[in-house]
Amino acid sequence: MHKRELTVTDLVDESLKRIGQVDDSIKAFLTVDEEGARAEAAKQDAAIGDGEAKGLLFGIPAGIKDNIVTKGLRTTCASKLLENFVPIHNATVVDKLNAAQSVTIGKLNMDEFAMGGSNENSAFFPTRNPWNTEHVPGGSSGGSAAAVAAGEVYFALGSDTGGSIRQPAAYCGVVGLKPTYGLVSRFGLVAFASSLDQIGPITRTVEDAAYVLQAIAGHDPLDSTSAKVEVPDYVSALTGDVKGLRIGVPREFIGEGVDPEVKDAVLSALKVLEGLGAVWEEVSIPHNEYSVATYYLLASSEASSNLARFDGVRYGVRSAGADSLLDVFVKSRSEGFGDEVKRRIMLGTYALSSGYYDAYYKKAQQVRTLIKRDFDNIFEKFDLILGPTAPTPAFRIGEQIDDPLTMYLNDIYSIPVNLAGVPGISVPCGFNREGLPIGLQLIGKAFDEPTVLRAAHAFEQATDYHKRKPNL
Amino acid sequence: MTVTLKDVEHVAKLARLELSDAEKNRFTEQMNAILKYAEKLNELNTEGVEPTTHVLPVMNVMREDKARPSWPLEEVLANAPEEEDGQFRVPAVLE
């Protein structure tokens, strides 16, 4: 670009052209901001060669999950209730991307309010997996992962409450990073479960993930749960050197319930890292089997409280049939929310209701402590935890939609990471016989993204899975 | 503990949701399945274990009590389903 062989307009044109070619079949986008993207590109092109320092992500086309608010650009959370909602401010991460000068191409599909693991819970349409459009892209950041895998944008932002960045990244054969809780501001992320939610990048390579994280990480006074930590240089952490790195492999992650092809791919990945000089031992997360139950009680409880704000009064769609104020609340919510959202609000309201609070909510918070301690114990001796991102590759659309509990169990290896608040990345580590991608998960200590990224990058550079592209 | 249809109706009322009969029946069945699975947690003795509400060691986060600019009224009201005289309009609360 500095040689003017390529302009920002070229990149944006390419992205829009690709969307025009493939998005009818992938359905990753809910809103494409063609006009805004072209205007930003023209503005940036005019500034090339002006001698001013350019942003870290200068000219790079990006997509944003539709639960991250964008000023003047419709933000729906893939819900009918917010079908017409146009935010009046940007999320902090969007301001940071703008400062880094990436170009927002549009807003990406998701499970409604980030509740789900398949994108089938979008109120508008399901996104499809670019590797096989009969399969789900995963979720809830399914549109983000599919858009990156299909080459529609260079990177996307997603959000991860129980695996919603890593699992779709694994299903779509791309890189997905859930940062440490508190590293990236949640201001302007429509809250689902506030003690677990975290925004992170979905990219084609680990290096790209390091760049995007660099742009969005850091303390934000507008988010009271934002951590006051120094942001390290993530890109320079990618040294390729993993000699002596100590990896713990939890037996619970490679035991019963893992698809044999996933297990083979993950163990082969471990051999690659061992070949690069890392050392490993089997370890245990004794309370892992309790993580899904813990998560669904906590996340649903927090969601039932967070989603109380959607009442049809100040924004969103108000029911046309409401005659009283109570009717405005009840009818707008009942008509606006989809099945999974209602189910979780019901579950959370029940768990928090009088007489059940101690038995469900408090109990789950105590078990969360036990799960966090399991991680603390492993990290006393090890630098990283390695395992699969999800038990299976992407399943077929419609296969699990009637069975919420089975759907929830897809998150058994990603959920404990959110409960412990530590960072986790998914990198492509193989394909099954049907050609569907498999994801390797690397989990690090709190705020030790440099080690997570370094190991993921070393593995990626030693393999070629990230170079393969779906036929579209 | 078993969730009954009556419990579901009560919880729906608390959550400000109006459910169809089909939804009530389905949620009763599904909530029972999920809560039965959650009973796994009772296998663990958690006596004396501190609950984790939050992984970060942050308590109260304060800022200086100083007025900052607010958003302009017309922007705040731009998404309102109904507005009147700079206020959100809702159906009459009192008869």
Side-chain angles (χ1 to χ4, degrees), chain A residues 84-86 88-89 181-182 195 221 224-225 227 287 289-290 292-294 296-297 304 308 311-318 322-331 333-334 337 342-343 345-347 349-350 353 356 359-360 362-370 372 404-405 408 420-421 446, chain B residues 1 3 7-8 10-20 23 26-28 30-31 33-58 60-63 71-72 74-83 88-93 95:
Chain A
N84 57 2
F85 178 59
V86 180
I88 61 170
H89 67 87
Y181 183 81
S195 80
S224 62
T225 60
H287 298 98
E289 63 175 299
Y290 302 100
V292 174
T294 301
Y296 277 93
L297 290 174
S304 72
D311 55 11
V313 173
R314 292 150 299 157
Y315 45 76
V317 177
R318 180 182 294 183
D323 298 326
S324 68
L325 183 58
L326 186 62
D327 253 14
V328 169
F329 303 156
V330 173
K331 288 199 178 351
R333 289 165 64 78
S334 303
F337 289 141
K342 285 182 190 170
R343 182 162 37 246
I345 291 174
M346 290 290 292
L347 185 67
T349 307
Y350 181 80
S353 66
Y356 299 106
Y360 291 117
K362 188 176 165 207
K363 182 82 182 178
Q365 286 188 319
Q366 288 175 309
V367 178
R368 182 174 183 185
T369 303
L370 299 178
K372 185 171 183 304
L405 195 52
Y408 296 172
Chain B
M1 277 177 262
V3 182
D7 293 331
V8 166
H10 173 64
V11 171
K13 202 176 156 196
L14 293 176
R16 298 284 186 251
L17 289 172
E18 189 174 68
L19 303 178
S20 67
E23 280 177 318
R26 196 169 66 245
F27 286 162
T28 305
Q30 290 172 337
M31 281 170 67
I34 295 165
L35 290 168
K36 187 162 178 281
Y37 176 75
E39 274 170 26
K40 252 177 109 59
L41 300 188
N42 294 329
E43 294 166 11
L44 296 170
N45 180 2
T46 50
E47 215 183 300
V49 176
E50 276 293 303
T52 296
T53 48
H54 214 276
V55 290
L56 288 177
V58 289
N60 294 325
V61 179
M62 305 290 194
R63 67 170 173 85
W71 281 304
E74 62 272 21
E75 285 186 30
V76 173
L77 290 167
N79 278 288
E82 280 187 66
E83 53 118 349
F88 296 105
R89 189 189 158 90
V90 293
V93 181
E95 293 295 313

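Order of the sequence lines sets the chain letters (A, B, ...), proteins ahead of strands, with each chain counted from 1.
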Peer 1: Classify the ring geometry of B:Trp71 against A:His89: parallel below 30°, tilted from 30° to 60°, perpendicular beyond 60°.
Peer 2: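 Rings of B:Trp71 and A:His89: parallel, under 30°.
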Peer 1: Using a cut-off of under 4.5 Å on heavy-atom pairs, state which of B:Lys40, B:Glu50, B:Glu82, B:Glu75 scores highest against chain A.
Peer 2: B:Lys40
Peer 1: What are the two closest heavy atoms between A:Ala293 and B:Ala38, and how far apart are they?
Peer 2: CB-CA, 3.8 Å
Peer 1: Based on non-hydrogen pairs under 4.5 Å, which of A:His287, A:Glu289, A:Arg318 is most in contact with chain B?
Peer 2: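 Highest number of pairs under 4.5 Å: A:Arg318.
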Peer 1: Pairs of donor and acceptor atoms involving the side chains of residues 11-20 of chain B, under 3.5 Å and at least two apart or interchain, shall be tabulated with distances.
Peer 2:
unit_1  : atom_1 : unit_2  : atom_2 : d
B:Arg16 : NH1    : B:Lys13 : O      : 3.4
B:Ser20 : OG     : B:Glu23 : N      : 3.1

Peer 1: Of all of B:Asn42, B:Asp7, B:Leu77, which one pairs up most often with chain A through heavy atoms under 4.5 Å apart?
Peer 2: B:Asn42
Peer 1: What's the separation between atom CG in B:Asn79 and atom CZ in A:Phe85, rounded to the nearest 0.5 Å?
Peer 2: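 Answer for the CG-CZ pair, B:Asn79 versus A:Phe85, is 5.0 Å.
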Peer 1: Report the residues that fulfil ring-ring contact (aromatic ring centres under 6.0 Å, His included) with B:His10, sequence neighbours left out, ordered by chain and then residue number.
Peer 2: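 By the ring-ring contact (aromatic ring centres under 6.0 Å, His included) rule, B:His10 matches no residue at all.
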Peer 1: A:Asp327 versus chain B, heavy atoms under 4.5 Å apart: side chain, backbone, both or neither?
Peer 2: neither
Peer 1: With respect to chain B, which residue among A:Lys362, A:Arg333, A:Lys372, A:Met346 yields the maximal number of heavy-atom pairs within a distance under 4.5 Å?
Peer 2: A:Met346
Peer 1: Looking only at non-hydrogen atoms, find the nearest pair between A:Gly316 and B:Pro81 and report the distance.
Peer 2: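 Of all heavy-atom pairs spanning A:Gly316 and B:Pro81, the closest is O-CG, 3.6 Å.
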Peer 1: Does any backbone or side-chain atom of A:Ala446 lie under 4.5 Å from a heavy atom of chain B? Answer side chain, backbone, both or neither.
Peer 2: neither
Peer 1: I'd like to know which of B:Val90, B:Val49, B:Ile34, B:Val61 tops the heavy-atom pair count under 4.5 Å against chain A.
Peer 2: B:Val49
Peer 1: Counting heavy-atom pairs under 4.5 Å with chain B, which one of A:Asn84, A:Val317, A:Val330 comes out on top?
Peer 2: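 Top option by heavy-atom pairs under 4.5 Å: A:Val330.
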Peer 1: Using heavy-atom distances under 4.5 Å, tell me whether B:Arg89 contacts chain A through its side chain, its backbone, both, or neither.
Peer 2: backbone
Peer 1: Can you tell me which portion of A:Asp311 sits under 4.5 Å from chain B's heavy atoms? Options are side chain, backbone, both or neither.
Peer 2: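 Neither; nothing under 4.5 Å.
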Peer 1: Highest number of heavy-atom pairs under 4.5 Å with chain B: which of A:Val86, A:Thr294, A:Leu370, A:Val328?
Peer 2: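 Looking at each option in turn, the highest pair count goes to A:Val86.
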Peer 1: To the nearest 0.5 angstrom, please state how far the OH atom of A:Tyr408 sits from the OH atom of B:Tyr37.
Peer 2: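 Going from the OH atom of A:Tyr408 to the OH atom of B:Tyr37 covers 12.0 Å.
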Peer 1: As an exercise, state the distance from NZ of A:Lys363 to CD of B:Glu39, rounded to the nearest 0.5 Å.
Peer 2: 11.5 Å
Peer 1: Given heavy-atom pairs under 4.5 angstrom as the criterion, report whether the side chain, backbone, both or neither of B:Asn60 touches chain A.
Peer 2: neither
Peer 1: Applying side chain to side chain contact (heavy atoms under 4.5 Å, CB included), run through B:Thr46 and A:Thr369 and close with a yes or a no.
Peer 2: CA-CA 10 Å; B:Thr46 50; A:Thr369 303; over 6 Å; no
Peer 1: How long is the gap from CG on B:Leu35 to CG on A:Leu347, to the nearest 0.5 Å?
Peer 2: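 It comes to 5.5 Å.
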Peer 1: Side chain, backbone, both or neither: which part of A:Ala308 has a non-hydrogen atom closer than 4.5 Å to chain B?
Peer 2: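 A:Ala308 has no heavy atom closer than 4.5 Å to chain B.
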Peer 1: Need one label for A:Ser324: side chain, backbone, both or neither, based on atoms under 4.5 Å from any heavy atom in chain B.
Peer 2: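 When you check distances to chain B, only backbone atoms of A:Ser324 fall under 4.5 Å.
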Peer 1: Measuring from atom NZ of A:Lys342 to atom CZ of B:Arg26, what distance do you get when rounded to the nearest 0.5 angstrom?
Peer 2: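 Spacing of NZ (A:Lys342) from CZ (B:Arg26) equals 8.5 Å.
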Peer 1: Side chain from CB out, backbone as N, CA, C, O: work out which of these in A:Val313 comes under 4.5 Å of a heavy atom of chain B, or both, or neither.
Peer 2: both
Peer 1: Please flag which part of A:Leu405 lies under 4.5 Å from any non-hydrogen atom of chain B: side chain, backbone, both or neither.
Peer 2: side chain
Peer 1: Take A:Arg368 and B:Val55, measure what side chain to side chain contact (heavy atoms under 4.5 Å, CB included) needs, and give me the verdict at the end.
Peer 2: CA-CA 10 Å; A:Arg368 182 174 183 185; B:Val55 290; 3.5 Å; yes
